[in-house]
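Numbers restart at 1 for each chain; the letters A, B, ... are given by sequence-line order, proteins then strands.
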There are 2 protein chains.
Amino acid sequence: MKEITSQQQRVLDCIQIYLKKTGFPPTRADICKELGFKSPNSAETHLRALEKKGFISIESGASRGISVNDQNNSFGRDEYPVIGLVAAGSPTLAEENIERTINCPKSFFESGFDYFLKVRGLSMKDAGIMEDDLIAVKKTTDVKNGDIVIARLDDEVTVKFFNRKSSNIVELEPANEDFENIVINLESEQLHIEGKSVGLLRRN
Amino acid sequence: MKEITSQQQRVLDCIQIYLKKTGFPPTRADICKELGFKSPNSAETHLRALEKKGFISIESGASRGISVNDQNNSFGRDEYPVIGLVAAGSPTLAEENIERTINCPKSFFESGFDYFLKVRGLSMKDAGIMEDDLIAVKKTTDVKNGDIVIARLDDEVTVKFFNRKSSNIVELEPANEDFENIVINLESEQLHIEGKSVGLLRRN
DNA sequence: AAAAATACTGAATATATGTACAGTATAATA
DNA sequence: TATTATACTGTACATATATTCAGTATTTTT
């Protein structure tokens, strides 16, 4: 996915807002009206650029034939993968790791999220995270102390509280007195932050 | 909402399937093609009927200007109320008790549900239910031992494990050693089961 | 029994809409 | 320095599309 320009972002936003409001995509003229363009070709060229960059699809000849590609549709509903046990070293979102998918609005968890992680074990039980709960994970490396992070250490994936003690020392803290803190010296050990928890889903 | 005929249902289904597949609504001609009609007016009259009955809205003059009205959109979502502190004696779903609503797919929690209850206190923390968590509540009095129930006792609403000891004795059991079991003698006390928990939603 | 709703075909048409073409100008890239 | 991408205005036009009108027939409602 190439980079989007600010004007193209405005057009993309316009399409999504229009879709949410009316239930169907805008025409070139609608976009011009919304964004103040005076020629339908202004919208046309932006649409073609957005299509070229993969943000939208356009069905040739069809009126209002614009569809926002799912991964960029912040309003739409999406299928989110549920990741179970992640095999050592394999990419998290590889197909073989996807147990199933859940249909859920993209905006369901405030900051958006990328997948559900099925929790194993009770190391976070005092934080209200039980076995088989689904954690909504947002892929990011931007984590603060106190965040619940999904971390990969050696070849194991674990969910813990994040706590940076110093520039070199990070502690991963469980929420269960039966488990010990994991102290990581970043100089000698590799710590990969997969993302952080932005929510939780439990189905009885 | 008036009754829908089988042909109108086919047209409504067609619209929703088309929308899901392409991202935008069908034209009259598209509907004809899908359903085998030979005149665009066949689709037109069905659309008008569906509009009259409230299932869809049509924007006059706009191409593909069909939108499926939310409450009839089987792919769509619904607004579910979030109930906070329920005042003594007032009906649970009275408007003044609704803090806000959450947009969520109907089928999100397996057996369906009626509202979200915002949890207060930590009496169920060992069951992974923390303060401010949202419990998906299904209104029912059909509860089994071990179910997490929403019970009203005197004028207080509480969330506990349900445990019927005998025909007259019910225990409401917290999941926190700091709290005591509540033993209810149905002969002398009134116990009203509001519903049971069918899921949980937490947003960080 | 009459009226209204349902369920179509078929043709006609005004207009809504995508899209191409001709320009202008600036910024980014090779 | 030439080229490509971005970011527009403005005009034009073929066609995609909604929508009306004229029929026919069956079913449901009043």
Give B:Ala62 one of three labels, base, sugar-phosphate or nothing, depending on what nucleic acid heavy atoms sit under 4.0 Å from its own.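 Touches sugar-phosphate only.
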Side-chain N,O ([X]) to OP1/OP2 ([N]) below 4.0 Å:
X	N	answer
B:Ser60	D:dA18	no
B:Arg28	D:dA18	yes
A:Ser63	C:dA16	no

Minimum-distance pair of heavy atoms, taken over all atoms of B:Phe24 and B:Tyr18: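 Shortest heavy-atom contact: O-CD2, 3.1 Å.
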For the pair made of [atom1] in [X] and [atom2] in [N], what is the distance, rounded to whole Å?
X	N	atom1	atom2	value
A:Glu44	C:dC21	CD	P	12 Å
A:Ile58	C:dT17	CD1	P	16 Å
A:Glu51	D:dT6	CD	P	14 Å
A:Asp30	C:dA16	CG	P	11 Å
B:Leu47	D:dA18	CG	C1'	10 Å
B:Arg64	C:dT15	CZ	P	21 Å
B:Ile31	D:dA16	CD1	C1'	15 Å
A:Leu35	D:dA7	CG	P	12 Å

So, the side chain of [X] versus the backbone of [Y]: is there a donor-acceptor pair under 3.5 Å, distance only?
X	Y	answer
B:Asn145	B:Arg164	yes
A:Arg10	A:Asp13	no
A:Arg48	A:Glu51	no
A:Asn176	A:Asp178	yes

Whether over 12 other heavy atoms sit under 6.0 Å from A:Glu180 CD: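 At most 12 heavy atoms, drawn from other residues, nucleotides or ligands, come within 6.0 Å of this atom.
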Tell me, for nucleotides 3-10 of chain C in 5' to 3' order, what letter each nucleotide earns: B for a base near a protein heavy atom under 4.0 Å, S for only sugar-phosphate near one, - for neither? --SSSBBB
Are the aromatic rings of A:Phe108 and B:Phe108 close, with centres under 6.0 Å apart?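 They qualify: ring centres under 6.0 Å apart.
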